[in-house]
Visitor: 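Before I ask anything, let me first share the structure, which is written out below as C-alpha cells.
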Amino acid sequence: MALQLVRACSIPCPFVPWNDPAPTIAPRHEPAKTHANVSSDDTIVQPDLTFADLGLSDKVLSAVTDAGYTKPTPIQAGAIPHALQGKDVLGIAQTGTGKTAAFVLPMITRLEKGRARARMPRTLILEPTRELAAQVEENFVRYGKNHKLNIALLIGGVSFDEQERKLERGADVLIATPGRLLDHRERGKLLLTGVDILVIDEADRMLDMGFIPDIERICEMIPFTRQTLFFSATMPPEITKLTEKFLQAPVRVEVAKPSSTATTVTQRLVKSGSKSWDKRAVLRKLIEDEGDSLTNAIIFCNRKVDVSELFRSLVKHDFDAGALHGDMDQRARMAMLDGFRNNKLRLLVASDVAARGLDIPAVSHVFNFDVPIHAEDYVHRIGRTGRAGRSGKAFTIVTKSDNKYLDAVEKLTGQSIEWLDGDLSTLSPEVESDEAPRRGRGRPERKGRGRERGGERTRETPVAKTTPADEREDVVEAAPAERRERREAIRQGNAERERQMPNRPEQPRRDRDDRGRRYRDQDDVNTVVGFGDDVPAFMKIAVPV
DNA sequence: AAAAAAT
C-alpha cells in the first residue's frame, strides 16, 4: 500500500484535476449551431465517396482496405472528418450502422503522434457490456495492425493481474466497462488525467443500466481539454442533458435506422400453452419446420434461469445449441459467442445481453421464447435478423398470460403481427386444462421409467405429446452415415458447451439472501432451532412470503 | 415476470 502511494506520487501532477469537480468548463455552444446532419440518403448523394477521401492516415487506410472495405457508411462519412479535426462528435446511430469504425479509425490516426505513459492511458472508450467492450478491442486490433498500439481491456469477470500489467506498460487505448474501470482507479492503478480522447458508446443503454452516475464521475476525472465522441441510438432527455454537460460544441451526426424492420423481417406469433414444456415443444417444432432455411438463430428468454433451462433442454434433444447470459462466467460467454460467430453453433439461447449491440452477423431467425416485458426489447431482439438487406424471420411464442405484453409490442411497433397458425383462441383446450392436475402428481407415462441420468431434477417432460425421444430414434435409424456423423459432432460440441455452463451461478441462489447470508433450507422449515423435537405447533405454521 | 455491471 505504502509502495503504491510512493509510486503514484512519482507521477507528474498525480492529484490535480480529479479532485477539482469539473473546473471552469469552456463555454458551450448549442449543438444545433454546428449541426451537420447526415442521413442515409447522403450515400446516394455522394455515391463515390471512399475511405480515402476522409483524411485517415495511410496506415489506417491500408488496414481498412485489407479488411475489405472501400465505402464508408453514412455515420463514418459524417463523423470521421470531424473526429480527425479534434472536434467533439455527437453520433446518433444504432448498431449495424458502422458506428464502431466511425470512432476507431480516426482515433488510431490521431494516436500516431505521441506515446503512452505508465498508468496514464491516452484514450478511453466506455462500453455498457463486456461483450461490446471486447468487440471494440477486436476492431482496434483489426484496424491497428500497422501500428504498435498498446490496448488494454478492463472488464469484470476476469483477473486484475493482466489488466494491471497492461496499464503499467502504458495504454494507448483503454476500453472499459464502468464498474471495472472505477475499481482499477480506486486501487490507484490508473490515472485518467492523460486521456485525450474519450468515447462514450451506447449512452442510452448505459442509462437503462443505471450507469449514468458512473459515467458522470468518470467524465469529471478527465481533463476538459479532451475530445469527446459520444454515441447513442436514441436521445432521451437524460442523455441530452449529459451531452450538454460533457460535450463542447459537438458536431451532430445522425443517421437513419439501418433498415426498417417491417420490410426485411417476417414476423409471426405462435400460440402455445403456458407451461414451459409446451413452449419448448412449440419451439422445437418451429425449428424443425424451418429446416435448412434456418442457418442460425438466437432464441431470447426473459430470464437467465430460463436461458439455462432451455439450453439444457435443446441440448438434450440434440439441437446444436449454446447459451449466453450475464451470470455465466466470462470464459463461457466468450466461447459461446465465438462458436456462434464462427458457425460452429446454430442456436444461441440468450437473455437480453444479446438483444442489442453485439455484432452477430446475419442471423436467419430470431425466436422469442418469451414475449419481452418491455416492448422496446422486442424491437431490439428482432433487429438481430434481417440485417444488411437480408431477409429474416422472427417468431414469438405467445401464451395466454402474455396478452398484456403483446399489446404493448403491437402498440409500439404500430402494427399487428400475424399469427402463424391461428391465435390463442384456437389453442386446443386440453393443452391448458390438462396440465394443472398433472402437475405435482407425476405423470402416468413417467412411472417406472428412470431418468437417463440419475439425480437430474429438471422439469423437462420426457414424454410430451409429440414423443420427441422416440421420433429421434427413428430419425437416427433412417439417417445415412453422413447425417449420423453430423449428429455425433453436434453431440460432442454440445457436451463441451454444457461443460462450460456454470452449474451454479445461473441458478438464483434461493438459500441465500442478497448479502450471501444463508436462509434456512426448505427442510429446515419444520425444525425450529433450540427446541429439539418438541416444537410448539404454532411455531411450525408456515408464513406465506 | 427482467437484464445488465464491481466484489
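Below, read A as the first sequence line, B as the second, and so on, with proteins coming before strands; counting in each chain starts at 1.
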Visitor: Would you mind classifying the nucleic acid contact of Pro372(A) as base, sugar-phosphate or nothing, using non-hydrogen atoms under 4.0 angstrom?
Guide: nothing
Visitor: Does Arg185(A) have a side-chain nitrogen or oxygen under 4.0 Å from the phosphate oxygens OP1 or OP2 of dA6(B)?
Guide: no
Visitor: Once you apply a heavy-atom cut-off of 4.0 Å, does Asp214(A) come out as touching a base, just sugar-phosphate, or nothing?
Guide: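 Result for Asp214(A) = nothing.
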Visitor: In whole angstrom, give the distance that lies between atom NZ of Lys304(A) and atom C1' of dA1(B).
Guide: 14 Å
Visitor: On a heavy-atom basis, which atom in Lys304(A) and which in Gly326(A) lie closest, and how many Å separate them?
Guide: CD-N, 4.2 Å
Visitor: Side chain to side chain donor-acceptor pair (under 3.5 Å) with Thr396(A): which of Asp370(A), Asp402(A), Asn368(A)?
Guide: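 Of the listed options, the one satisfying the test is Asn368(A).
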Visitor: Would you indicate which nucleotide in dT7(B), dA1(B), dA4(B) comes nearest to any side-chain atom of Ile373(A)?
Guide: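 Per side-chain heavy atoms of Ile373(A), the pick is dA1(B).
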Visitor: Just the rounded figure in Å: distance from C1' of dA3(B) to CG of Asp370(A).
Guide: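 The distance from CG of Asp370(A) to C1' of dA3(B) comes to 13 Å, rounded to the nearest Å.
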Visitor: Mind calculating the distance between CG (Asp352(A)) and C1' (dA5(B)) to the nearest angstrom?
Guide: 15 Å
Visitor: Taking only the side-chain heavy atoms of Arg333(A) (C-beta and beyond), determine which of dA5(B), dA6(B), dA3(B) contains the nearest atom.
Guide: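 It is dA5(B).
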Visitor: Given dA4(B), dA2(B), dA6(B), identify the nucleotide with an atom nearest to the side chain of Arg303(A).
Guide: dA2(B)
Visitor: Given dA6(B), dA3(B), dA2(B), which nucleotide is nearest the side-chain atoms of Asp377(A)?
Guide: dA2(B)
Visitor: Can you measure Phe369(A) atom CZ to dA3(B) atom P for me and round it to whole angstrom units?
Guide: 14 Å
Visitor: Among dA3(B), dT7(B), dA5(B), which is the nearest nucleotide to the side chain of Ser351(A)?
Guide: dA3(B)
Visitor: Taking OH from Tyr405(A) and P from dA2(B), how many angstroms apart are they, rounded to a whole number?
Guide: 9 Å
Visitor: Test your reading of the model: is there a side-chain donor-acceptor pair from Ser364(A) to the backbone of Asn296(A), 3.5 Å cut-off?
Guide: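 Yes, because the side chain of Ser364(A) sits within donor-acceptor range (under 3.5 Å) of the backbone of Asn296(A).
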Visitor: Report the distance from atom CG of Asp306(A) to atom C1' of dA2(B), rounded to the nearest whole Å.
Guide: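 After rounding, the gap between these two atoms is 10 Å.
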Visitor: Pick base, sugar-phosphate or nothing for Gly157(A), based on heavy-atom distances below 4.0 Å to the nucleic acid.
Guide: sugar-phosphate
Visitor: Can you find a heavy atom in the side chain of Thr426(A) that is under 4.5 Å from one in the side chain of Lys271(A)?
Guide: yes
Visitor: Provide, to the nearest angstrom, the distance between the CG atom belonging to Leu310(A) and the P atom belonging to dA2(B).
Guide: 18 Å
Visitor: Taking atom C1' of dA4(B) as reference, at what distance in whole Å does atom CZ of Arg381(A) sit?
Guide: 14 Å
Visitor: Once hydrogens and angles are ignored, does a donor-acceptor distance under 3.5 Å link the base of dA2(B) to the side chain of His374(A)?
Guide: yes
Visitor: Which of parallel (below 30°), tilted (30 to 60°) and perpendicular (above 60°) describes His365(A) and Phe367(A)?
Guide: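 His365(A) vs Phe367(A) ring planes: parallel.
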Visitor: Would you indicate, yes or no, if dT7(B) has its OP1 or OP2 atom less than 4.0 angstrom from a side-chain nitrogen or oxygen of Arg180(A)?
Guide: yes
